[in-house]
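Side-chain atoms are counted along with the backbone in the values below, which use heavy atoms only and exclude waters and symmetry mates.
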Amino acid sequence: MRVVYVEDAVIQAAREWAERFAKTMERSFDVVPADAFTEDVEADFLIFATHAKSRSVQRFLNASRELRIPYLFLTPQMHYPEDTVLGNVLAPVTVLEEEVHKAELLSHLARYTDTTVTLLTAKDYGSRARTNTDKIRTFLESRQADLGKSFDIRTETARSDSMSLYKEVMNVRGADMIVWTASRDYGLDDLIFGPAERKLILRSVVPIALLNPRGDLFSLCD
């Protein structure tokens with residue numbers, strides 16, 4: 001399969017990083033101009049290189065609402081390491097049940113890049129976020145046993161609850177990628193002020209990988 005790089009903005013460092021990412025993941029790498037992009041493109045990773053502007057980001061968020069594959073956002077203000085692809089992937093975990101779907105992508109990233117996976121659990125009153133973290137960790141541990149490989153898995157507790165967790169990770173600099181779950185639906189606040197994932201993309205200094213909350217999410221090919 002392949003990584004498709006949708007170029008809405010010319011960001012040389014981002015393109016070079018994306019090409020290294022594809023090579024490390026053992027995928028082919030294809031560049032598609034933004035005006036030629038269609039939602040039915042055949043790929044198992046999509047990467048959108050775009051301006052850090054609300055309208056630009058929202059355009060691709062809208063186009064990606066039904067995708068069953070992971071999709072990444074790269075913008076000019078993000079940092080792209082030259083000496084590595086991924087050293088630390090941060091996965092914030094909230095109370096939502098679809099958070100556990102991050103496990104498959106995280107295991108895939110850890111398998112090919114040897115990245116550290118940091119699970120950041122929201123600080124809620126209940127135990128649902130912690131339960132989701134435990135499920136993700138159990139999946140990762142079973143995958144490393146299946147693959148005969150050791151993953152570096154770390155768990156931390158956030159300062160924020162599930163509703164505010166995106167604000168806490170907006171300016172994270174100790175990671176090379178953040179894996180976030182896109183909104184199930186857009187409420188009135190999302191339509192007026194923008195969904196959490198858009199705010200995160202606009203402020204983040206590291207690439208953002210998004211997964212849509214679907215029961216039949218995706219299955220990455222080995």
Side-chain angles (χ1 to χ4, degrees), residues 3-25 27 29 45-54 56-58 60-61 64 69-94 99 102-103 105-122 133 136 140 151-160 164-183 194-212:
V3 171
V4 173
Y5 183 87
V6 181
E7 193 168 55
D8 181 50
V10 177
I11 313 168
Q12 189 60 33
R15 183 165 173 170
E16 292 173 358
W17 178 89
E19 194 164 4
R20 293 199 309 274
F21 174 79
K23 184 177 180 180
T24 303
M25 298 295 291
R27 264 62 179 175
F29 181 74
F45 283 96
L46 269 180
I47 299 179
F48 298 107
T50 189
H51 301 282
K53 297 180 179 178
S54 297
S56 301
V57 171
Q58 192 62 53
F60 292 111
L61 286 175
S64 304
I69 59 173
Y71 51 106
L72 284 68
F73 277 83
L74 309 182
T75 62
Q77 87 273 8
M78 293 178 178
H79 172 65
Y80 306 102
E82 297 180 359
D83 55 344
T84 184
V85 175
L86 293 177
N88 188 0
V89 171
L90 178 66
V93 183
T94 71
E99 293 288 72
K102 292 176 178 176
L105 175 58
L106 292 172
S107 70
H108 211 67
L109 293 172
R111 175 185 178 183
Y112 285 96
T113 69
D114 294 322
T115 183
T116 295
V117 174
T118 301
L119 305 175
L120 181 65
T121 309
T133 295
I136 295 172
L140 292 174
F151 295 162
D152 185 1
I153 309 166
R154 304 177 185 180
T155 55
E156 298 178 3
T157 300
R159 300 185 304 274
S160 310
S164 304
L165 190 53
Y166 75 94
K167 298 177 182 178
E168 183 173 331
V169 301
M170 275 183 175
N171 295 307
V172 164
R173 295 179 179 273
D176 298 311
M177 177 185 289
I178 295 173
V179 176
W180 189 262
T181 303
S183 302
E197 56 266 31
R198 189 178 86 187
K199 297 172 185 175
L200 182 56
I201 293 165
L202 292 176
R203 294 282 299 278
S204 179
V205 294
V206 299
I208 302 296
L210 293 178
L211 297 173
N212 288 332

Close side-chain approach of Val57 to Leu202, heavy-atom, < 4.5 Å:
yes
Under the 3.5 angstrom rule, does the side chain of Glu197 hit a backbone N or O of Thr181 as a donor-acceptor pair?
no
Rounded to the nearest 0.5 angstrom, the OG1-CD1 distance for Thr121 and Ile136 is 8.0 Å
Could you walk me through whether Met25 and His108 pass the side-chain contact (heavy atoms from CB on, under 4.5 Å) test, one step at a time?
CA-CA 9 Å; Met25 298 295 291; His108 211 67; 3.5 Å; yes
Do Leu165 and Leu120 come close enough that some side-chain heavy atom pair is under 4.5 Å?
yes
Ignoring hydrogens, what is the shortest heavy-atom contact between Ser204 and Gln77? Give both atom names and the distance.
O-NE2, 3.0 Å
Reported CD-to-OG1 distance for the pair Glu7 and Thr50, which is rounded to 0.5 angstrom
10.5 Å
Atom pair CZ/OG1 of Phe151 and Thr116 - distance to nearest 0.5 Å
11.5 Å
For residues 83-91, tabulate all N or O donor-acceptor pairs below 3.5 Å that involve a side-chain atom, not counting sequence neighbours.
from  : atom 1 : to     : atom 2 : distance (Å)
Asn88 : OD1    : Thr118 : OG1    : 3.1
Asn88 : ND2    : Gly174 : O      : 3.2

Test item: Glu99 side-chain N/O and Thr133 main-chain N/O as donor-acceptor pair under 3.5 Å:
no
On a heavy-atom basis, the closest approach of Ala103 and Leu140 is O-CD2, 3.7 Å
Between CE of Met170 and CD1 of Ile201, what distance do you get to the nearest 0.5 Å?
10.5 Å
side-chain contact (heavy atoms from CB on, under 4.5 Å) assessment of Met78 paired with Ile11:
CA-CA 10 Å; Met78 293 178 178; Ile11 313 168; over 6 Å; no
Report, as yes or no, whether the 6.0 Å neighbourhood of atom CZ on Arg203 holds more than 12 heavy atoms from other residues, nucleotides or ligands.
no
Would you check if Leu74 and Trp17 make a side-chain contact, meaning some heavy-atom pair closer than 4.5 Å?
yes
For the side chain of Glu19 and the backbone of Phe29, is there at least one donor-acceptor N/O pair under 3.5 Å apart?
no
Stepwise side-chain contact (heavy atoms from CB on, under 4.5 Å) check, Phe73 with Leu61:
CA-CA 9 Å; Phe73 277 83; Leu61 286 175; 3.8 Å; yes
For the residue pair Ile178 and Val169, what are the closest heavy atoms and their distance?
CD1-O, 3.5 Å
Should the ring pair Phe48 and Tyr71 be called parallel, tilted or perpendicular, given that the plane angle runs from 0 to 90° and is split at 30 and 60?
perpendicular
Taking the inter-plane angle between the rings of Trp180 and Tyr166 on a 0 to 90° scale, is it parallel (under 30°), tilted (30 to 60°) or perpendicular (over 60°)?
perpendicular
Please report the shortest heavy-atom distance between Val179 and Pro92, naming the atom on each side.
O-CD, 3.3 Å
Where is the tightest heavy-atom contact between Leu106 and Leu119, given as atom of each residue plus distance?
CD1-CD2, 3.9 Å
Determine whether the aromatic ring centres of Phe21 and Phe45 lie less than 6.0 Å apart.
yes
Step by step, would you call Asp176 with Thr115 a side-chain contact (heavy atoms from CB on, under 4.5 Å)?
CA-CA 9 Å; Asp176 298 311; Thr115 183; 5.7 Å; no
Nearest-0.5 Å distance, CE of residue Met177 to OG1 of residue Thr113:
8.5 Å
Close side-chain approach of Arg173 to Asn171, heavy-atom, < 4.5 Å
no
Just how far is it from atom CG of Leu72 to atom CG of Leu46, taken to the nearest 0.5 Å?
9.0 Å
Which pair of non-hydrogen atoms, one from Thr75 and one from Tyr80, has the smallest distance, and what is that distance?
O-OH, 2.7 Å
Any side-chain heavy atom of Pro195 within less than 4.5 Å of one from Gln58?
yes
Counting C-beta onward and ignoring hydrogens, is there a side-chain heavy-atom pair between Asp8 and Ser56 closer than 4.5 Å?
yes
